[in-house]
Amino acid sequence: MQQLSIGYARVSTAENRQELGLELQIRALESQHCQLIFSDQLSGSDDERPEFNHAVKLAKRKAAAGWQVKFMVYKLDRLSRRTVKMITTIDDLTQHQVQVVSLREQLDMSTPTGILQYQILATFSEYELNTIRQRTRDALAELRQHGQTLGRPRLSTDVEQKICKLYCILDYPVNDIAKVCGVSVSTVYNVAKRNHLSQRKLTLTNR
């Protein structure tokens with residue numbers, strides 16, 4: 001049977017300056033003889049991981065073709081920032097006959113000990129999810145009791161009108177509008193859309 005070890009490394013911008021840098025993870029994966037190593041360096045959400053998606057698809061495809069595939073990470077949280085999604089990823093790969101291995105936690109889903117570790121993680125993951133849900137329900141109930149709602153405060157009318165006026169000046173960069181009004185670029189676009197202003201591209205040049 002043909003064998004393939006796929007490594008995956010991930011860092012945010014901040015992490016790469018610290019102990020869990022990309023080079024450290026890659027060296028560790030190379031020491032375990034990974035034939036292919038994919039890596040993402042990002043600061044966004046878990047959905048913004050193109051190399052991770054490529055690695056998972058390749059692992060599943062090779063396993064379906066009869067290969068013995070290992071999906072290796074330096075640390076379990078490299079699979080996801082969220083415990084629930086991490087568990088879901090492990091479960092998905094395992095169901096596709098891909099063995100998940102974490103070097104730091106010494107998790108190997110091809111062994112009874114690794115399966116036990118996974119089951120313990122899954123139990124704590126479910127507990128964590130239920131706890132978060134309960135806290136959210138309690139927070140919403142408390143806010144409703146005081147006549148408040150949960151979420152970001154709406155922009156003041158003055159700020160929204162200022163954004164609209166500046167947005168209508170076509171040569172005024174969107175980045176500058178955001179800075180002047182103390183909001184994010186996405187907020188500027190949301191205000192423009194809400195007020196049915198014509199869409200224009202992001203201008204990166206500062207005035």
Side-chain angles (χ1 to χ4, degrees), residues 8-26 37-58 73-89 92 125 128-207:
Y8 176 71
R10 175 182 64 79
V11 293
S12 67
T13 304
E15 285 174 329
N16 207 32
R17 301 191 195 102
Q18 301 173 6
E19 61 178 20
L20 198 59
L22 200 60
E23 290 184 6
L24 181 150
Q25 295 178 56
I26 291 175
I37 297 178
F38 296 80
S39 64
D40 284 309
Q41 184 172 345
L42 41 83
S43 57
S45 66
D46 281 327
D47 297 329
E48 300 170 353
R49 297 189 295 167
E51 292 303 303
F52 174 77
N53 294 332
H54 292 159
V56 168
K57 288 178 182 178
L58 176 62
V73 290
Y74 178 75
K75 196 178 177 188
L76 275 177
D77 64 6
R78 301 302 89 186
L79 292 173
S80 175
R81 294 179 175 88
R82 293 173 293 173
T83 306
V84 174
K85 191 166 184 177
M86 177 187 73
I87 295 298
T88 302
T89 300
D92 180 42
S125 174
E128 179 187 39
L129 181 59
N130 289 334
T131 300
I132 291 171
R133 286 172 175 168
Q134 186 60 53
R135 287 175 180 170
T136 302
R137 286 194 293 266
D138 292 345
L140 286 169
E142 181 71 18
L143 288 170
R144 290 193 193 100
Q145 193 173 18
H146 292 84
Q148 299 176 348
T149 56
L150 190 65
R152 295 181 179 178
R154 186 177 177 84
L155 288 176
S156 68
T157 302
D158 290 343
V159 172
E160 182 150 345
Q161 288 179 350
K162 184 176 182 180
I163 291 173
C164 291
K165 288 179 181 179
L166 293 176
Y167 192 88
C168 290
I169 304 174
L170 296 181
D171 64 343
Y172 201 110
V174 174
N175 275 0
D176 287 357
I177 297 174
K179 290 177 184 178
V180 169
C181 297
V183 298
S184 66
V185 170
S186 61
T187 297
V188 174
Y189 282 114
N190 287 337
V191 169
K193 183 178 180 180
R194 185 160 61 241
N195 288 273
H196 308 291
L197 302 180
S198 59
Q199 187 176 7
R200 58 189 174 106
K201 295 180 180 179
L202 172 63
T203 305
L204 297 175
T205 306
N206 293 324
R207 288 174 65 88

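All values below were derived from every heavy atom in this structure, side-chain atoms included, with hydrogens, water molecules and symmetry-related copies excluded.
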Tell me if the CZ atom of Arg135 is crowded by more than 12 foreign heavy atoms within 6.0 Å.
no

Atom OH of Tyr8 and atom CG of Asn53: how far apart are they, to the nearest 0.5 Å?
8.0 Å

Tell me every residue that passes side chain to side chain contact (heavy atoms under 4.5 Å, CB included) with Thr89, counting only those two or more places apart in sequence or in another chain.
Phe52, Leu79, Lys85, Leu93

Validation row: Leu58, Phe38 side chains within 4.5 angstrom (heavy atoms):
yes

Between atom NZ of Lys75 and atom CE of Met86, what is the distance when rounded to the nearest 0.5 Å?
11.0 Å

Rounded to the nearest 0.5 Å, the CG atom of Asn190 sits from the OG atom of Ser184 at a distance of 7.5 Å

Can you sort out the partners of Asp138 under side chain to side chain contact (heavy atoms under 4.5 Å, CB included), two or more places apart, ordered by chain and number?
Gln134

Could you tell me the separation between the SG atom of Cys181 and the NZ atom of Lys165, rounded to the nearest 0.5 Å?
11.0 Å

At their closest point, which heavy atom of Val11 faces which heavy atom of Gly21, and how far apart are they?
CG1-C, 3.8 Å

Who are the side chain to side chain contact (heavy atoms under 4.5 Å, CB included) partners of Thr157, not counting sequence neighbours?
Gln161

Could you report the tightest heavy-atom contact between Asp171 and Pro173, atom names first, then the distance?
O-CD, 3.4 Å

Salt bridge (charged side-chain N to carboxylate O under 4.0 Å, His left out) contacts touching residues 181-195 (sequence neighbours left out):
Glu160-Arg194

Where do Lys162 and Val180 land on the side chain to side chain contact (heavy atoms under 4.5 Å, CB included) test, with the steps shown first?
CA-CA 9 Å; Lys162 184 176 182 180; Val180 169; 3.6 Å; yes

Using a 4.5 Å cut-off on heavy atoms from C-beta on, say whether the side chain of Arg10 contacts that of Val73.
no

Could you give the distance from OH (Tyr189) to CD1 (Ile177), rounded to the nearest 0.5 Å?
8.5 Å

Could you tell me which non-hydrogen atom of Ala9 sits nearest to which non-hydrogen atom of Ile26, and how far apart they are?
CB-CG1, 4.3 Å

Atom of Arg78, atom of Arg49 and distance for their closest heavy-atom approach:
O-NH1, 3.4 Å

So, do Leu155 and Ile163 sit near enough that their side-chain heavy atoms are less than 4.5 Å apart?
yes

With rounding to the nearest 0.5 angstrom, report the CG to CG distance, Asp176 to Leu166.
9.5 Å

